[in-house]
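One structure below.
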Amino acid sequence: MKKIGIIGAGHVGLVTGACLAKLGNKVICCDNDLEKIKKLKNLQIHFYEPGLEEIVKECVKKKLLFFTESIYQIVKDTEIIFIAVGTPPTEEGKLDLSYVENVTVEIAKSLTKIKSKNPKKKIYRLIVEKSTVPVLTSEWVKKTLELLTPTGIEFDIAANPEFLREGNAVNDFFHPDRIVIGVESKRAKKIFEEIYKPIKCPKIFTDIRSAELIKHASNSFLALKISYINAISNICEKVGADVEVVAEGMGLDKRIGKDFLKAGIGYGGSCLPKDIAAFISLSEEIGYPFNLLKEVQNINQQQRLLVIKKAKELLWNLKNKNIGIFGLSFKPNTDDIREAPSIDIIKLLKKEEAILKCHDFKAIENMKKLFPDLFYSENPYEVAKESHLLIFLTEWDDYKKIDFKKIKELMKMPYIIDGRNFLNNKILNKIGFVYRGIGRKNE
Ligand code: UGA
């Protein structure tokens, strides 16, 4: 059993902390948001992630998981400290690393206050970057700690980027494709080998800079794959081919792989858009403008506009037309709406003066904060009633269970735009809908 501290109880930090506790470690999660910590102490989680609540409850009950607002307590009571604080985007598309800096300074300050219980044994701490950060951040963390930490305290820096996907994060933690760990010492390497021993997957030990870069390069490549298939989907529409069939044919080639070849309205979320922008900015700073990624961004933005174009093709004018929006979160199984395509699309539809009614399974409350003036309902039939058009923006599985015959009867006009190509177009056509996907043949 290791004593592990996690600074930042957000999506990454809390999932990592709870799952490390589930593996049998004693974990303390810390956050400077007192409200968040108060809720966590009452076993209330501030975001939705399948399976997380159960693990948190179980580990708290077993006294393996604790919460605090004090970095000092983390530094005093745990040996391995993960920094998992937010790195929000700045206006120029860089990452704001001030939270990482503040936490590093706090760790150093706390180190000056603690004393070894055994005077013969030197205090040792392993400080791990978990947040997604640009390459070379660890150098700053190290410099800051070296400058501010008293002599006699030993520490190592490491980078252990996370590859968890929202909505599947718990499963990703226990069954990852790989674990990447950037270390500088054998001592740190050994600690990680022990921590991750129960998880069966390749573990890649690298230098710290390479580990940092693996994260940025991976997320950018995933975005590239999405924009690539979206570009192909536009060509499909122009030549009368079907992108779903093209993607299947491409994906069966093992060198390409079928994942992340789902055409649609583009990627969103708190990670891909932000990471790609930060990578572009970093590459410019170091004198290698990564123009390929600029086009990835460009294609992604264009995909959102397609929905408006298709809506106009179906309805002519959008002014005063009733449009039902199905799906607000940036992807299924989460209540997260950060950088969700739905936000851009709602803004554009509002500009056209369409009358919007919105449905989602988890994200309504978050969207209400952004667009309080819209109509929301948890009942899809209420949203469909009197609508001229339904636009599906998130591929929640439960949408497939809707009674589309009933929906059609409720609607004013039988139009559906499927921004995620996940509905069965043949069945919908049979029911009498006019269906428009992205890069799919129109029947
Ligand atoms: C992404 C990465 O997949 C994780 O490995 C990484 O840990 C995480 O960012 C992070 O940096 O923290 P996430 O943002 O949770 O994870 O979601 P993804 O499943 O990657 O989806 C991102 C977006 O791409 C979604 O809007 C999704 O709808 C879209 N997408 C995904 C497509 O449009 N097509 C696809 O084929 C796949």
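These figures come from a predicted structure and were not determined experimentally. Side chains included, hydrogens not; waters and symmetry mates left out as well; all remaining heavy atoms used. Order of appearance sets the numbers: ligands from 1, and atoms from 1 within every ligand.
In this structure, E79 contributes its side chain and R125 its backbone to no donor-acceptor pair below 3.5 Å.
Listed by first and then second residue, the salt bridge (charged side-chain N to carboxylate O under 4.0 Å, His left out) pairs involving residues 95-108 are E106-K109 (not counting sequence neighbours). Each side-chain hydrogen bond (donor to acceptor under 3.5 Å, both in side chains) pair with one or both residues in residues 235-250, not counting sequence neighbours, appears once here: E237-K310, E244-K262, E244-N421. Applying the salt bridge (charged side-chain N to carboxylate O under 4.0 Å, His left out) test to residues at least two apart or on different chains, the pairs with a partner in residues 19-34 are K22-E58, D31-K36.
Relative ring orientation between F82 and F192 is described as perpendicular, the plane-to-plane angle rising above 60° on a 0-90° scale split at 30° and 60°.
Within 4.0 Å of ligand 1, protein heavy atoms belong to E162, F163, L164, R165, E166, K215, N219, L222, I226, F260, L261, K262, G266, Y267, G268, C271, L272, D275, F330, K331, R420, listed by chain and number.
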(request) Go through the steps for I83 and E129 under the test side-chain contact (heavy atoms from CB on, under 4.5 Å), then give the verdict. (result) CA-CA 5 Å; I83 302 179; E129 272 176 10; 5.7 Å; no

